[in-house]
Amino acid sequence: MRVLKISRDQLKKWLDELSGTVDLYVPMPAGKQVHRFEPYTTFEELDLSYTRTVLPPKKFVFPPEEVLFNRAPSGETTVPDLPARDLVLFGVHPCDINGIRILDTFFSSFDKPDWYYQRRRARLRIVGLSCLPDEHCFCRSMDCDSAASGFDLFFHDIDPENQDRGEKVFFVSLGTVEGDIMLADRADTLPEAEPEELEALLEYTERRESAYTLDLDPSILPQAIKLHQADPLWDRLGEQCLACGVCSLGCPTCTCFNIRDTNDLEGGSSRVRNWDACLYRDFARVAGDHNFRPHRSERIQNRYYHKQVGFAEAFGKPSCVGCGRCIKLCPTGIHFVEVFQSLARERLPVDE
Amino acid sequence: MDQLTVGIFGLTGCAGDQLTLLNCEDELLAIAGKVRMKSFKMASTTEVGGEIEVAFVEGSVCQPRDLALLREVRGRAHNLVALGTCACFGGVAAMDQRLDPEILKEKVYGTEGDLFAIQRARPLSTYVDVDFMLPGCPVEKEQLLETISCLLKGSFPEIPTTPVCADCRIRENVCLVIEKEQVCCGALTRGGCKARCPSLDVPCLGCRGPVEDAYYRAEMEFLAARGVTREVVRKEMLLFSTPAGMGERLEKEFD
Ligand code: SF4
Ligand code: SF4
Ligand code: SF4
Ligand code: SF4
């Protein structure tokens, strides 16, 4: 794989130009430790050393709320258009790239691939950016700490703490032909990394490896969950959980949605889908007010079960990339990794 | 349905929800074309008796005459919509049910209070069947229009049942509890306001009333673990986030 070098100034120039031809979204700070993918304004405002955004890139391919079609009073239906321009997401970390790959798998797995997802996905270009883990990251455990594919370009910043150095250089890996095209004529003019620079890149990767503080052995998770479905831990979590649903809304791989119809005074209507979560009471409530999972403990258990067992059995790997959002976002401090550690550590093999 | 016969009624409340309807300036003409208003004291002196398809009732039951009006309206209406948080859950008037209503009356009205009788504030559902709830303080204009539109079509209005935290995180706000250690009732409160307050850096007071499964104990515990006294949390919760009558339970469980 060719690794090119691009200076900070060249990067700025590139993004400035790119923002004129595509819808460019970048990680923007929104307060202490809070970031969002937002439209590019100026290079100085974007934060290249961010850790995670509140919502993952899923919001671009599977938005929180989406009108599927409008129906006029005459009965004629129309599907809202998408902008013609590509949407380039700059600064996506490996966990989130892997998250999108999981969404790709899921949304194309039905008899008919999800058309709404596909058309948003078709205009999405992904530019990756390297990162250092914080105390909530466990992507390495989930084998999502690097992305072999799923990006068009990937920027390595081997000196992320230092953003203002004048001679700062990023290393760029090309992922796809589109990535190559995006860099346009630059790809030919940008120098390739020297062997000793590749050495530095390797050193950075090692430094990153040793920066993880959370660790988890995913191979035992399905078993741990299956064996301990009646564990009192679930009741304790049920007591602690507020059923706010935020862990699921913010998860890069949670895909549950609700579909509803809205009406207007003139007799027109719209069919809308919006994010839903298994943590909510209404999620498993059916006619006659029967509820398949009335208790919070059952709902939170369902979330863990689905991620590590249900999804893994259907798609060959768990639907968790270890991004740490559910840990960071949970107001009551329910900790994904600690839950599994406690299930696995103390109680395997089965006690009875 | 081409035209819906509607009545808008107010019990004890601030009339803010009725005002929301009048504030739908761009839509008022369309509404007028679709709705035959049989009673709407705030907008018109015309008062027509008899059956109505939909009654919107605002405010909580705080006086014997509220109760009489509510019962009369229920008897006439095919559908009764509780309009606003007071009607749905009791609202601020029902904030602290430990206080003697007579003392409250005296504090507010002095001797003038002798002119009318009052009772402990309660939501509509304490006394009559409520078909649909439209919470909010005041209600969201879009949800009011949606409700009218759905009833016109003969379908059920579907108002969000998820908590304010869902709205808040979808807007990618800074969480005031996690990042700023404030007391926020977002997890207990019905969403649908697009997390109006936390989006402006103000904690949610719970003005849309409680979600169906509000976990007061869990909220109390985790805030207490962050060093907030139970008394402070209880006070915040009682303001709006608890249905009428919850105060005593909060006392028993947490004091
Ligand atoms: S389960 Fe948690 S850590 Fe795993 S991908 Fe979802 S939000 Fe990230
Ligand atoms: S974020 Fe925490 S409190 Fe909220 S639903 Fe998830 S586990 Fe429960
Ligand atoms: S600020 Fe309040 S409403 Fe928003 S996520 Fe935090 S607790 Fe929920
Ligand atoms: S954030 Fe809370 S207090 Fe503010 S409008 Fe919404 S429900 Fe009411």
Side-chain angles (χ1 to χ4, degrees), chain A residues 28-38 53-56 59 63-65 73 237-250 258 260-270 272 274-277 279-283 285 291 294-296 299 325 328-334, chain B residues 1-2 24 27-35 142-143 145-158 160-180 184 186-189 191 201 211-219 221-223 225-226:
Chain A
M28 297 279 275
K32 193 180 100 199
Q33 289 194 325
V34 175
H35 290 84
R36 312 167 178 146
F37 283 114
E38 285 192 340
T53 49
V54 178
L55 292 183
K59 71 175 182 179
E65 183 165 291
L237 293 176
E239 286 293 302
Q240 193 182 338
C241 171
L242 294 166
C244 71
V246 161
C247 50
S248 170
L249 303 181
N258 187 17
R260 60 186 221 284
D261 288 345
T262 63
N263 292 296
D264 64 40
L265 286 168
E266 309 302 336
S269 55
S270 301
V272 181
N274 54 274
W275 289 354
D276 202 348
L279 285 310
Y280 296 135
R281 172 177 292 252
D282 279 1
F283 187 84
R285 173 143 73 183
N291 201 322
H295 301 295
R296 275 172 296 170
R299 290 183 242 149
R325 283 192 181 82
K328 175 92 196 299
L329 297 179
C330 177
T332 73
I334 292 178
Chain B
M1 216 174 290
D2 284 343
C24 297
E27 296 84 6
L28 272 182
L29 272 180
I31 297 176
K34 300 284 177 185
V35 156
E142 292 73 26
Q143 287 165 15
L145 292 171
E146 175 68 19
T147 302
I148 298 174
S149 306
C150 283
L151 292 169
L152 259 169
K153 259 217 167 130
S155 76
F156 295 155
E158 217 186 318
T161 53
T162 48
V164 172
C165 286
D167 299 24
C168 190
R169 282 327 205 166
I170 283 173
R171 286 186 76 165
E172 300 187 77
N173 290 331
V174 173
C175 175
L176 300 171
V177 169
I178 299 177
E179 313 286 344
K180 301 202 172 168
C184 177
L188 304 174
T189 305
D201 237 9
V211 283
E212 199 176 333
D213 50 353
Y215 296 115
Y216 301 105
R217 179 189 288 277
E219 175 98 7
E221 294 300 334
F222 95 84
L223 285 171
R226 283 164 180 262

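All values derive from a computational prediction rather than experimental measurement.
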Worksheet item: Which residue out of Val177(B), Leu188(B), Ile170(B) racks up the most heavy-atom pairs below 4.5 Å with chain A?
Response: Ile170(B)
Practice prompt. Go through the steps to decide whether Arg285(A) and Glu212(B) satisfy the test salt bridge (charged side-chain N to carboxylate O under 4.0 Å, His left out), and finish with yes or no.
Written response: CA-CA 13 Å; Arg285(A) 173 143 73 183; Glu212(B) 199 176 333; 2.7 Å; yes
Worksheet item: Is it the side chain or the backbone of Leu242(A) that comes within 4.5 Å of chain B heavy atoms, both, or neither?
Response: both
Worksheet item: With sequence neighbours left out, what residues match Asp261(A) under side chain to side chain contact (heavy atoms under 4.5 Å, CB included)?
Response: Arg271(A)
Item to complete: Please round to the nearest 0.5 Å and tell me the distance separating atom CD of Gln240(A) and atom CZ of Phe222(B).
Response: 10.0 Å
Fill in: Arg169(B) CZ to Cys244(A) SG distance, which is reported to the nearest 0.5 Å
8.5 Å
Discussion item. For Val54(A), which atoms come within 4.5 Å of any heavy atom of chain B: side chain, backbone, both, or neither?
Written reply: both
Discussion item. For a 4.5 angstrom cut-off between non-hydrogen side-chain atoms, does Arg281(A) reach Thr162(B)?
Written reply: no
Practice prompt. Could you walk me through whether Asp264(A) and Ser149(B) pass side chain to side chain donor-acceptor pair (under 3.5 Å), step by step?
Written response: CA-CA 5 Å; Asp264(A) 64 40; Ser149(B) 306; over 6 Å; no
Worksheet item: Checking heavy atoms, do the side chain of Ile31(B), its backbone, both or neither come under 4.5 Å from chain A?
Response: both
Discussion item. Give me the atom names and distance for the closest heavy-atom approach of Pro163(B) to Tyr280(A).
Written reply: CD-CE2, 3.4 Å
Discussion item. Do the side chains of Lys328(A) and Glu179(B) get close enough for a salt bridge, i.e. N-O under 4.0 angstrom?
Written reply: yes
Discussion item. I'd like to check Glu239(A) versus Glu221(B) (side-chain heavy atoms, cut-off strictly below 4.5 Å). Are they in contact?
Written reply: no
